[in-house]
Amino acid sequence: MPTPLTFDDVLRLALSFPGVEAGTSYGTPAFRVRGKFLGRLHQDGDSLVLRMDFDTREFLTRTSPSIYHFTDHYRDYPAVLIRFAAIDRDELAERIEEAWRGYAPKRSIAEYDARA
């Protein structure tokens, strides 16, 4: 079984996207793009709070509940909780990229896509 990811791993992945900056949110380490919240360490220390549209969240929590879940606190907020111990690096990178694409400037996205 692979070693569970940590928030440091998450932050390294997030900071690899243009314009993403580290900061804090609700007293926990977080990351943003253009001042818009993308993700933060959940206070349980074992999960990432990641911005996500409601349809995607509904699908993922239904199909992969061991990885994705949310609490009543996040019921009406476009975010999901992701368990570090249950997700692999590639899938996490994909989720962070989706969140980033939702808020990054079009120019940054075009430059990123041109490099890929």
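Since the structure is predicted, the reported quantities are computational estimates derived from the model, not experimental observations.
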About how many Å separate CG of Leu11 and CZ of Phe31, when rounded to the nearest 0.5 Å?
7.5 Å
Phe70 vs Leu60, test: side-chain contact (heavy atoms from CB on, under 4.5 Å). Steps then yes/no.
CA-CA 11 Å; Phe70 61 95; Leu60 291 173; over 6 Å; no
Return the minimal non-hydrogen interatomic distance between Val80 and His69, and the atom names on each side.
CG2-O, 3.4 Å
Under 3.5 Å, is there a donor-acceptor pair between the side chain of Arg83 and the main chain of Ser66?
yes
Are there over 12 heavy-atom neighbours, none belonging to Glu91, within less than 6.0 Å of that residue's CD?
yes
Determine, step by step, whether Val49 and Phe37 satisfy the side-chain contact (heavy atoms from CB on, under 4.5 Å) criterion, reporting the C-alpha distance in whole Å, the side-chain angles of both residues, the deciding distance to 0.1 Å, and the verdict.
CA-CA 10 Å; Val49 179; Phe37 170 82; 4.1 Å; yes
Run the side-chain hydrogen bond (donor to acceptor under 3.5 Å, both in side chains) check on Arg57 and Tyr74 step by step: do they pass?
CA-CA 11 Å; Arg57 180 179 80 176; Tyr74 292 102; over 6 Å; no
Pro78 and Phe54: which non-hydrogen atoms are nearest, and at how many Å?
N-CZ, 3.6 Å
Atom CG in Asp90, atom CG in Leu13: separation rounded to 0.5 Å?
9.0 Å
If you measure from CD1 on Ile109 to CZ on Phe17, what distance do you get to the nearest 0.5 Å?
11.0 Å
Is a donor on one side and an acceptor on the other found under 3.5 Å between the side chain of Thr28 and the backbone of Arg40?
no
Check step by step if side-chain contact (heavy atoms from CB on, under 4.5 Å) holds for Leu92 and Phe84.
CA-CA 9 Å; Leu92 179 61; Phe84 295 135; 5.6 Å; no
Can you check whether Asp9's main-chain N or O pairs, donor with acceptor, with Thr6's side chain at less than 3.5 Å?
yes
Main chain of Leu38, side chain of Trp100: is a donor-acceptor contact present, judged purely on distance under 3.5 Å?
no
Could you give the distance from CG (Leu48) to CG (Leu81), rounded to the nearest 0.5 Å?
8.0 Å
Roughly how far apart are Ile96 CD1 and Ser16 OG, rounded to 0.5 Å?
7.5 Å
Short N-O contact, Arg101 and Glu98, less than 4.0 angstrom
no
Keeping to residues at least two apart or across chains, list the side chain to side chain donor-acceptor pair (under 3.5 Å) pairs with something in residues 44-53.
His42-Asp44, Asp44-Ser47, Arg51-Tyr77, Arg51-Tyr103, Asp53-Thr56
Would you check if Tyr68 and Thr63 make a side-chain contact, meaning some heavy-atom pair closer than 4.5 Å?
no
Please determine whether the number of non-hydrogen atoms from other residues, nucleotides or ligands lying under 6.0 Å from atom CZ of Arg107 exceeds 12.
no
Where do Leu50 and Ile82 come nearest, in terms of heavy atoms and distance?
CD2-CD1, 3.8 Å
